[in-house]
Amino acid sequence: MMERKQGKRAPVIKDVAALAEVSVSTVSRYLNDSPKISDDARARIAHAIALLGYRPSRVARGLVTSAMKSIAVLSSNTTLYGSAMTIQGVEDEARAHGYPVTIAKLNGGSTEALRASVDMVMDFNPGGVVVLNYDAAAHEALGMLPDAVAKVAIAGDRVEGVARLDQIDLCENRAGRELTAYLLGLGHTTVAHVTIPGGGGGYSRTAGWEDALRAAGRPIPDVLHCTWDPKDARAIGRKLAHDDAARGGEHGGDARRTTAVFAGNDEIAMGVIRGLEDEGVRVPEDVSVVGFDDHPLADVWSPAITTCRQDFAAAGRRAAALLIERVGAPDLPPRFVELPGELVVRDSAAAPRA
């Protein structure tokens, strides 16, 4: 029998197999509690593991299973508040069930680069995948995943035609309508909208903004497109400060001074507020600004930002739970779970000046 070499390296599955005088695949079957092992082999493997101080690798366990007991998370941007909190929720729930989590940032520079990102994740053969479907790159990546893999999409827009897909809907359309209706209820004639990447789609917050304006018979301004960077939102705020009329857009309408802005998220709202104030425009005295998500800084920003609170951590936990359930029961019908947001009224919105 071989002696353990101290100070060289951690023991691997091949060391266990050699010491127990069995094959690597037999050790893998033992690690996966397979009944197809003799009592003698099982005893020798257990003794070898104890003697070597071997810690079973999940990769080794995966040698005899069709997929690893793990979860992969795909996201185009892991630094955003919503993405980070969602990933935290996934990790918390997955850890409680013994599932490690792999986080992969999608390279959306081209279809080829995006496919390479997806293929790299799938090389680890995860038991399931959570896709933070917040933009076009993530949506495209979702379609690249194999039909056989269990998957959950977290987004504000429904996804059709994807096999073995469960979905978490953050009810963004409803929240967008509620925020816009709140501003109209304060007396604003219409509401400008600064959208974030991937803000389109019939179930999105942008669609909810437009639905609310249409339902109220108000002018629908052209969307002001922004990146994820608050600095770009600051530039938009500066421009709005010198824009005496809300855009009439395809629906036309009266040319009126911009008095209310619905920003695609709280970071963008912060940028817009700073840009307006750079040019001497006060919030909310001159222009009301609302955000989305309820970022931790929204409450301490000046002025504190009226927003829609999204429970991203709950979405992540629920997504992981759905995924683990589907791994155990692949034939479950597709599940669609709604997690509505909550309007949080603070100081950044007020009635327009007479």
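Only heavy atoms go into these numbers, but all of them, side chains included; no hydrogens, no water, no symmetry mates.
Separating the CG atom in Asn173 from the CG atom in Asp211 is a distance of 5.0 Å, to the nearest 0.5 Å. Here NE2 of His188 is found 3.5 Å from OG of Ser288. Values are rounded to the nearest 0.5 Å. Between the OH atom of Tyr54 and the CG atom of Leu19 there is a distance of 13.0 Å, given to the nearest 0.5 Å. Residue Leu297 holds its CG atom at 4.5 Å from CE of Met270, rounded to the nearest 0.5 Å. Atoms CZ and CD1, from Arg234 and Ile268 in turn, are 13.0 Å apart once rounded to the nearest 0.5 Å. Expressed to the nearest 0.5 Å, how far CG of Leu183 lies from CZ of Arg218 amounts to 11.0 Å.
The main-chain N or O of Gly275 is never found under 3.5 Å from a side-chain atom of Arg238 such that the two would form a donor-acceptor pair. Between the side chain of Asn133 and the backbone N or O of His139, at least one donor-acceptor pair lies under 3.5 Å. In this structure, the side chain of Asp266 engages the main chain of His295 through a donor-acceptor pair within 3.5 Å. Judged by distance alone, the side chain of Asp92 and the main-chain N or O of Gly89 form no donor-acceptor pair under 3.5 Å. With Asn265 contributing its side chain and Glu267 its backbone, the two residues share a donor-acceptor pair below 3.5 Å. A donor-acceptor distance shorter than 3.5 angstrom exists from the side chain of Trp209 to the backbone of Val191, with no hydrogens or angles considered. Using modelled atom types, no side-chain atom of His97 and backbone atom of Tyr99 make a donor-acceptor pair closer than 3.5 Å. Side chain of Arg205 to backbone of Gly264: a donor-acceptor contact under 3.5 angstrom is found. No side-chain donor-acceptor contact under 3.5 Å links His193 to the backbone of Val223.
Leu332 and Leu165 sit in two unconnected hydrophobic clusters of ILVMFWY residues. Membership requires side-chain heavy atoms under 4.5 Å apart, directly or through other members. By the rule that hydrophobic residues join a cluster once side-chain heavy atoms approach within less than 4.5 Å of another member, Val118 and Met120 end up as members of separate clusters. A continuous path of hydrophobic side-chain contacts links Val345 to Leu186 [ILVMFWY only; heavy atoms under 4.5 Å]. Cluster annotation: Val344 and Val290 are assigned to distinct hydrophobic clusters (Ile/Leu/Val/Met/Phe/Trp/Tyr, side-chain heavy-atom contacts under 4.5 Å, transitive). The same ILVMFWY cluster, assembled from side-chain heavy atoms under 4.5 Å apart, contains both Met144 and Val131.
Side-chain contact check for Leu74 versus Ser117: every heavy-atom pair is 4.5 Å or farther apart. With contacts defined as side-chain heavy-atom distances shorter than 4.5 Å, the pair Met122/Val129 qualifies. In this structure, the side chains of Phe312 and Leu170 come closer than 4.5 Å at one or more pairs of heavy atoms. When side chains are defined from C-beta on, Arg274 counts as touching Trp301, because their heavy atoms get closer than 4.5 Å. For the pair Thr189 and Thr259, the minimum side-chain heavy-atom distance is 4.5 Å or more. Within the 4.5 Å cutoff, no side-chain heavy atoms of Val287 are placed close to those of Val272. Under the 4.5 Å side-chain criterion, counting only non-hydrogen atoms from C-beta, Leu80 is in contact with Trp228. Counting only heavy atoms from C-beta outward, the side chains of Ile45 and Thr26 approach each other to under 4.5 Å.
Between Ser76 and Ala137 the shortest heavy-atom distance is OG-CB, 3.6 Å. The two residues Ala181 and Ala212 have their closest heavy-atom pair at N-CB, 4.4 Å. Among all heavy-atom pairs drawn from Ala104 and Val121, the shortest one is CB-CG2, 3.3 Å. Minimum interatomic distance between Leu276 and Gly237 (heavy atoms only, all atoms of both residues): CD2-O, 3.3 Å. Of all heavy-atom pairs spanning Ala320 and Val90, the tightest one is CB-O, 3.8 Å. Closest non-hydrogen pair, Asp293 versus Thr307, comes out as N-OG1, 3.4 Å.
Thr180 and Arg177 are not linked by any side-chain donor-acceptor pair at a separation below 3.5 angstrom, with hydrogens and angles left out of the test. Side-chain N/O atoms of Ser75 and Thr78 include no donor and acceptor closer than 3.5 Å.
Note on Arg317 versus Glu93: no salt bridge recorded, every NZ/NE/NH1/NH2 to OD/OE distance being 4.0 Å or above.
Remark: Ile236 engages Val194, Leu224, Cys226, Leu240 in a side chain to side chain contact (heavy atoms under 4.5 Å, CB included) (not counting sequence neighbours). With sequence neighbours left out, Ala319 forms a side chain to side chain contact (heavy atoms under 4.5 Å, CB included) with Val130, Val152, Ile154, Ile168. Listed by chain and number, the residues in a ring-ring contact (aromatic ring centres under 6.0 Å, His included) with Phe292 amount to none (sequence neighbours excluded). Asp166 is linked by a side-chain hydrogen bond (donor to acceptor under 3.5 Å, both in side chains) to Arg326, Arg335, counting only residues two or more places apart in sequence or in another chain.
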**Request:** Report the C-alpha separation of Leu179 and Leu343 in whole Å, then their side-chain angles, then the decisive distance to 0.1 Å, and conclude whether the side chain to side chain contact (heavy atoms under 4.5 Å, CB included) test is met.
**Result:** CA-CA 7 Å; Leu179 276 167; Leu343 177 65; 3.5 Å; yes

**Request:** Go through the steps to decide whether Arg44 and Asp40 satisfy the test salt bridge (charged side-chain N to carboxylate O under 4.0 Å, His left out), and finish with yes or no.
**Result:** CA-CA 6 Å; Arg44 282 188 282 124; Asp40 177 63; 3.0 Å; yes

**Asked** Taking it one step at a time, do Val261 and Val283 satisfy side chain to side chain contact (heavy atoms under 4.5 Å, CB included)?
**Response** CA-CA 10 Å; Val261 179; Val283 177; over 6 Å; no

**Message:** Would Leu132 and Ile87 count as a side chain to side chain contact (heavy atoms under 4.5 Å, CB included) here? Give the steps.
**Reply:** CA-CA 9 Å; Leu132 309 191; Ile87 291 169; 4.1 Å; yes

**Asked** Stepwise, does the side chain to side chain contact (heavy atoms under 4.5 Å, CB included) test hold for Glu172 with Gln310?
**Response** CA-CA 9 Å; Glu172 292 189 5; Gln310 302 263 276; 4.1 Å; yes

Identify every side-chain donor-acceptor pair in residues 346-354 under 3.5 Å, counting partners at least two apart or on other chains, and give the distances.
{"unit_1": "Arg346", "atom_1": "NE", "unit_2": "Asp299", "atom_2": "OD1", "d": "3.1"}
{"unit_1": "Arg346", "atom_1": "NH1", "unit_2": "Asp294", "atom_2": "OD1", "d": "3.1"}
{"unit_1": "Arg346", "atom_1": "NH1", "unit_2": "Ile305", "atom_2": "O", "d": "3.0"}
{"unit_1": "Arg346", "atom_1": "NH2", "unit_2": "Asp294", "atom_2": "OD1", "d": "3.0"}
{"unit_1": "Ser348", "atom_1": "OG", "unit_2": "Val289", "atom_2": "O", "d": "2.5"}
{"unit_1": "Ser348", "atom_1": "OG", "unit_2": "Thr306", "atom_2": "N", "d": "2.9"}
{"unit_1": "Arg353", "atom_1": "NE", "unit_2": "Asp286", "atom_2": "OD1", "d": "3.4"}

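Sorted by first and then second residue, the salt bridge (charged side-chain N to carboxylate O under 4.0 Å, His left out) pairs involving residues 102-114 (not counting sequence neighbours) form an empty list.
Applying the 6.0 Å contact sphere to CG of Asp39 captures no more than 12 heavy atoms from other residues, nucleotides or ligands.
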